[in-house]
Amino acid sequence: MAETKINIGPVHPSTHGVLRLVVTLDGDTVKHVEPHIGFLHRGVEKLVETRMYMQSPSYMEKLDYVAPISYDEAFVATVEAALGIEVKERAQYIRVIQLELQRIASHLLWLGTAINDVGQLFSVFMWCFKDRDIILRLLEEATGGRMFYVNMRLGGLNRDLSPGFANHAYKVLDYLEHRIKEYGSYLESNPVFMERMKNIGVMSKAEAISMGVTGPTLRGSGIDFDIRANYPYYVYDKLRFRTQFENGGDCFARYKVRMDEMQESIRLVRECLHTIPEGDAIGMPIRLIGPQPKEKEVVVKRELPRGEVMMYMVAEGQRPYRFSIRAPSFINTSVLQHLPRGHRLQDLFPILASVDTVLADVDR
Amino acid sequence: MKIKSDQFRETIERLHDEGYTYLVKITAVDWKDRLEALYFLRDLSTGKEETVRFDLPLKAPKVPTIIHLYMAADWYERELSEMFGIEILGRDAKRLLLEKWDGKDPPLRKAFEWSKPYQGMEPVKFAEKYNEPDKKGKKGASRQNVIKIDKPFM
């Protein structure tokens with residue numbers, strides 16, 4: 001049968017941003033997918049070289065607009081490593097609380113949009129967005145920002161938690177724990193959902209390692225690897241943290257990892273709220289001319305909702321000489337060349353949804 | 001580990017056999033007199049990490065591809081080729097991945113010319129006694145009027 005080439009995107013509701021896919025089809029079997037990226041390329045790595053350290057966090061937040069705190073924190077941690085600044089203990093706990101809340105919010109947005117992509121229409125999408133909004137309100141209470149926060153400062157934070165935060169957070173966490181379980185039970189008893197997620201886009205252990213995928217996509221292939229557990233930062237080694245992984249390697253396994261991670265994050269936030277010490281959490285105010293860097297080259301790894309980010313910085317004087325980001329979505333998007341091969345065209349979008357990409361993060 | 005560029009292929013094959021099967025990132029740094037390529041590798045079962053680094057000339061730099069060992073190298077090599085003008089031997093990595101630049105130097109080289117407004121602010125100097133209250137009794141960041149700018153922006 002003759003091959004057909006079709007073009008999807010760059011503006012398409014299911015590509016979650018500006019991603020263009022050129023799909024070669026035989027009948028409706030996918031032969032080859034060629035992702036075209038770069039529509040959102042802003043040259044952040046070059047821009048950061050021209051700005052002083054604390055001018056850049058707001059750029060970092062726009063890289064992954066679904067989980068801005070995580071990127072912000074990773075960048076500030078890189079600068080802290082270069083300048084040799086210790087983070088205050090209470091601030092470490094608050095950072096972990098905010099990072100984990102952000103992870104739940106990000107995974108909820110993923111769940112809503114991914115369910116849309118498998119044809120389950122808007123009910124779950126609306127529920128997820130409603131629940132995400134509750135977390136955003138909680139984060140707003142803690143940081144003052146709703147979508148973009150810029151709350152991290154060198155050595156601490158801009159704002160300490162408000163006095164009523166813990167009470168609100170416990171309520172929200174109880175509610176979320178119940179809701180997320182409920183979504184899981186709805187979806188997993190839905191034959192259409194299961195049919196479209198099980199055995200779709202299977203990635204074996206060896207393939208996942210060779211393709212270099214990261215985050216829940218890696219753990220969905222049965223690999224017990226999480227930066228929070230393997231290279232613990234802040235207080236993660238004091239918390240009872242268990243890496244969530246699944247052996248299936250298909251879209252359903254990746255879905256399951258994210259669902260379990262949300263529950264794990266809820267547990268982590270609770271534990272942090274129980275054990276958070278009193279004290280000072282306020283960091284240095286933003287002053288453009290800061291101390292001289294102590295380290296010339298630093299590499300900082302962080303586990304973001306979408307996977308591992310690695311920031312490599314060569315610090316020189318008051319600005320980075322070279323700054324490079326290993327963006328989790330970039331490498332996860334590159335597997336779209338391999339995973340849909342042999343599947344039907346309709347399975348392309350569940351696969352794309354299951355690797356969870358944010359296009360601003362892909363293009364940088 | 002720092003190696004010579006002609007030892008690269010054998011080093012990376014040896015490391016791959018030793019268990020460093022996960023490629024984290026390929027990147028490079030332009031040190032103005034030379035380029036330095038960096039390959040971040042990891043062994044996922046033990047968590048050990050290794051960075052392979054070697055120097056390349058500024059003019060016509062070439063590295064062999066490692067796509068037969070690491071599938072992840074595909075887009076990283078294309079990005080490296082695009083951003084630093086490093087030729088990847090053994091595969092076609094010429095098709096641009098992220099951008100189309102109009103200068104003659106690749107964008108992440110230090111020699112890349114770009115228009116002035118994008119080059120950021122000149123460093124501003126705060127008054128020395130930044131945290132002492134001014135005449136109105138204001139402290140710190142609210143003392144906007146004491147910021148001196150050495151050179152005008154743009």
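Quick note on labels: first sequence line is chain A, next is B, and so on, each numbered from 1.
The structure places CD of E297(A) at 4.0 Å from CZ of R53(B), a figure rounded to the nearest 0.5 Å. Taking CG from L44(B) and CG from N230(A), the interatomic distance works out to 8.5 Å, rounded to the nearest 0.5 Å. Once rounded to the nearest 0.5 Å, the distance linking CD1 of I37(A) with CD of E79(B) reads 8.0 Å.
Side chains of R326(A) and F40(B) form no contact here, defined as non-hydrogen atoms less than 4.5 Å apart. Y70(B) places none of its side-chain heavy atoms less than 4.5 Å from the side chain of M211(A). With contacts defined as side-chain heavy-atom distances shorter than 4.5 Å, the pair Y312(A)/V29(B) qualifies. Side-chain contact between R109(B) and K46(A) is absent, with no heavy atoms from C-beta onward closer than 4.5 Å. At a threshold of 4.5 Å between non-hydrogen side-chain atoms, the residues Q337(A) and M71(B) do not count as touching.
Under the 30°/60° scheme for interplanar angles, the aromatic rings of Y22(B) and F225(A) are found to be tilted.
If you measure heavy-atom distances from F330(A) to chain B, the contacts under 4.5 Å come from both the backbone and the side chain. At a 4.5 Å heavy-atom cutoff, the contact between L23(B) and chain A is made by backbone atoms alone. The part of A28(B) that comes within reach of chain A is its backbone (N, CA, C, O), which places non-hydrogen atoms under 4.5 angstrom from that chain. Contacts between I227(A) and chain B at a heavy-atom distance below 4.5 Å involve the side chain alone, from C-beta outward. Contact annotation for L40(A): neither backbone nor side-chain heavy atoms come within less than 4.5 Å of a heavy atom of chain B. When heavy atoms are compared at a cutoff of 4.5 Å, L38(B) approaches chain A solely by way of its side chain, counted from C-beta outward. In this structure, chain B has no heavy atom under 4.5 Å from any part of V335(A).
A salt bridge between E36(B) and R322(A) is absent, with no side-chain N of the basic residue lying under 4.0 Å from a carboxylate O of the acidic one. Using a 4.0 Å cut-off between charged side-chain N and carboxylate O, K25(B) and E308(A) make no salt bridge.
The number of heavy atoms from other shown groups lying within 6.0 Å of NZ (K31(A)) does not exceed 12. The number of heavy atoms from other shown groups lying within 6.0 Å of NZ (K2(B)) is above 12.
Note on G212(A), G38(A), S210(A), P35(A): by heavy-atom pairs under 4.5 Å with chain B, the leading option is S210(A). Highest contact tally toward chain B, considering only T214(A), I331(A), V314(A), is held by I331(A) [criterion: heavy-atom pairs under 4.5 Å].
For K110(B) and Y321(A), the positive end sits near the middle of the six-membered ring, less than 6.0 Å away and at most 45° from its axis.
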